[in-house]
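Single-structure report; data block below.
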Amino acid sequence: MNEKRMKISWKDKKLWLWFGLLLAVFAAALRHLEDVRDGAVESGDYWLITDYRNLFIGVLIVLAAAGWCMFLSKRWNLEKTFAVCILGLGFLYMCVLPPLSAPDEVGHYITAYKLSNQMMGKTATEEHGLVYIRREDAFIEDLYNAIEHGEDDPNKRVVLGQTVTEDTYRQFHNRSLAGITAEGTEVSNIWTVRTTPLAYVPQALGFTIARLLSLSGIGLLFMGRFMNLLFYVGVTYLAMRKISFCREVLFGVSLLPMTLHLVSSLSYDVMILALAGYFTAYTLHLAYEKERVSVKDVAVLAVAAMILVPCKIVYGTLLGLCFLIPVKKFGGWKRYLLSALAVAAVTAASVYLVNSQVIATYTAESSSFVEWAEEPGYTFSQVLTNQKLVLNMIYNTIVWQSEHYFVTMLGGALGNLDQVLDVPFALLLALGSCLLGLSFRKPGENLYFSRRQKLWVSVLILGCVVAVLLSMMVTYTPLTSKIISGVQGRYFLPVLPLLLIILKNNRVVLTGNYDKTLLYLMCCANGYVLLRLFGIVSMRL
């Protein structure tokens with residue numbers, strides 16, 4: 001009897017936490033309801049209050065479902081709970097931060113549109129490489145019909161969602177998801193992103209479905225985003241099923257506001273984050289859990305690397321994780337070397353096919369010009385030959401920009417790096433603390449990494465960071481700058497799980513397993529972020 005009471009008492013504590021956090025989110029919703037009302041009164045768009053109510057109901061449903069899966073249900077394991085939480089929160093982020101509001105999402109949109117044309121057997125581009133789009137979708141990149149008013153300069157046309165304001169919400173509110181209002185095709189004025197088309201398969205598939213169903217331009221954008229979100233959840237779910245440890249870390253990184261914003265967008269960062277997580281989990285599974293490495297395992301690693309690395313070559317450092325796998329698991333050095341050669345060859349071939357022209361351009365040029373600064377920039381040969389300059393630039397950048405990287409990695413400036421669409425710094429610290437808590441060792445938990453292996457993983461992480469810095473030094477930094485320009489914290493998200501994994505040690509051991517509590521805290525933090533962002537945008541007239 002006492003034993004039963006103790007169990008009930010322990011569950012009651014979780015229930016109190018569950019309901020207590022829901023109550024805190026409810027209080028935050030009431031606070032930001034005032035902001036929404038002020039914006040509605042000022043603009044006359046009283047539907048904002050209804051939309052905010054619907055958002056609040058959606059947040060409560062997702063958080064209630066997350067709490068039930070984590071604290072009450074015995075059937076829902078961590079990966080299934082992950083799917084519920086990320087799908088639910090991702091869908092809400094998709095609505096609060098609408099299409100084309102994510103970093104570089106416009107370029108990703110038109111690149112996915114090009115692939116959709118090819119999927120449907122249509123002519124993808126005109127002679128100069130600009131993409132054919134439906135006339136129905138022309139408003140996306142010319143929101144206020146500047147062309148009809150005789151404005152020929154593409155730079156003066158307003159693109160939907162580039163700056164998220166109350167008027168952005170109005171545009172989505174007034175337009176239907178279904179129904180074609182204009183027949184025919186037009187030529188887009190946006191240039192595509194030069195990378196592997198495989199990075200845009202989920203988005204393009206969503207666009208194609210929308211076009212076959214005759215959805216409107218708004219419906220097309222949301223369908224593309226939803227398929228991208230579904231792809232991320234599916235691949236990361238498989239990654240979590242593949243490995244028995246560090247799953248909570250993958251879950252936690254996915255719950256960062258910046259991650260949720262990216263994976264609910266049209267960005268190819270979705271492909272990068274999903275495959276980086278899957279490649280990491282699969283490699284660690286082979287290194288520490290599986291007894292023998294099969295041909296199928298080598299093929300899986302090769303395919304993942306073949307798609308991941310051409311997206312951004314700097315993440316090729318993750319291939320070094322393969323050296324954690326013992327030779328004996330391959331059955332000898334011959335199979336080990338053949339496997340390594342196969343993965344390296346497939347990856348090198350894909351990089352050559354996709355990136356050779358860009359690499360040749362940057363390595364061959366004797367001078368460089370940075371357009372955004374209208375100044376000369378660094379060349380590849382300068383970076384290679386002047387090591388002292390490079391070290392000074394990296395040092396200055398890390399010293400002066402570390403806080404910026406931390407903030408923008410977790411979600412301090414969402415949208416197109418919009419400083420108004422921020423997450424409070426105190427909440428970012430809380431989210432970072434939750435990630436640290438997830439990385440600490442729990443009672444009875446095994447340690448898989450030796451000191452030498454941790455050192456090797458640290459080298460890979462550092463190599464990725466340096467590669468990111470050097471790439472932006474060559475492509476984006478003017479000669480007059482004292483730091484490397486253009487680096488954003490989100491570029492480090494693919495290696496963040498690795499950093500957290502190797503922090504696990506014998507010196508800091510938690511007294512209990514609080515993973516689900518920390519993950520639920522992160523879910524509730526995102527509920528607050530969503531409500532706050534909607535309030536901010538509603539007042540942004």
Determine whether the aromatic ring centres of residues [Y] and [X] are separated by less than 6.0 angstrom.
X	Y	result
F534	F56	no
Y169	W47	no
F251	F82	yes
F71	Y520	yes
Y448	F245	yes

Rounded to the nearest 0.5 Å, how far does [atom2] of [Y] lie from [atom1] of [X]?
X	Y	atom1	atom2	answer
L519	C434	CG	SG	8.5 Å
K312	T196	NZ	OG1	14.5 Å
L130	Y132	CG	OH	9.5 Å
W76	K80	CH2	NZ	6.5 Å

We want to know whether D297 and Y282 form a side-chain donor-acceptor pair, criterion being a heavy-atom distance below 3.5 angstrom. yes
Answer with yes or no whether the side chains of R225 and Q203 bring together a donor and an acceptor at under 3.5 Å.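 There is no such pair (donor and acceptor under 3.5 Å, judged by atom type) between the side chains of Q203 and R225.
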Looking at side-chain heavy atoms only, is the closest gap between [X] and [Y] below 4.5 Å?
X	Y	value
V25	L22	no
Q162	S101	no
E105	S267	no
Y52	L531	yes

Any side-chain to backbone donor/acceptor pair from [X] onto [Y]? Under 3.5 Å, distance only.
X	Y	result
S350	T347	yes
W18	A66	no
T259	S254	no
S458	K454	yes
W400	I483	no

Work out which heavy atom in [X] is nearest to a heavy atom in [Y]; give both atom names and the distance.
X	Y	result
P257	L431	CD-CD1, 3.5 Å
L260	G90	CD2-N, 4.2 Å
S538	L48	OG-CD2, 4.0 Å
G217	F139	CA-CE2, 4.0 Å
F440	K504	O-NZ, 3.3 Å

For residues 106-118, which residue pairs qualify under side-chain hydrogen bond (donor to acceptor under 3.5 Å, both in side chains), counting only residues two or more places apart or in two chains?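 For residues 106-118: H108-Y200, Y113-D137, S116-T208, S116-R211, N117-R211.
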Under a 4.0 Å threshold between the charged nitrogen and the carboxylate oxygen, would [Y] count as salt-bridged to [X]?
X	Y	result
R157	E141	no
D35	R540	no
R170	D51	no

Crowding at OH, Y237 (>12 non-hydrogen neighbours, <6.0 Å): yes
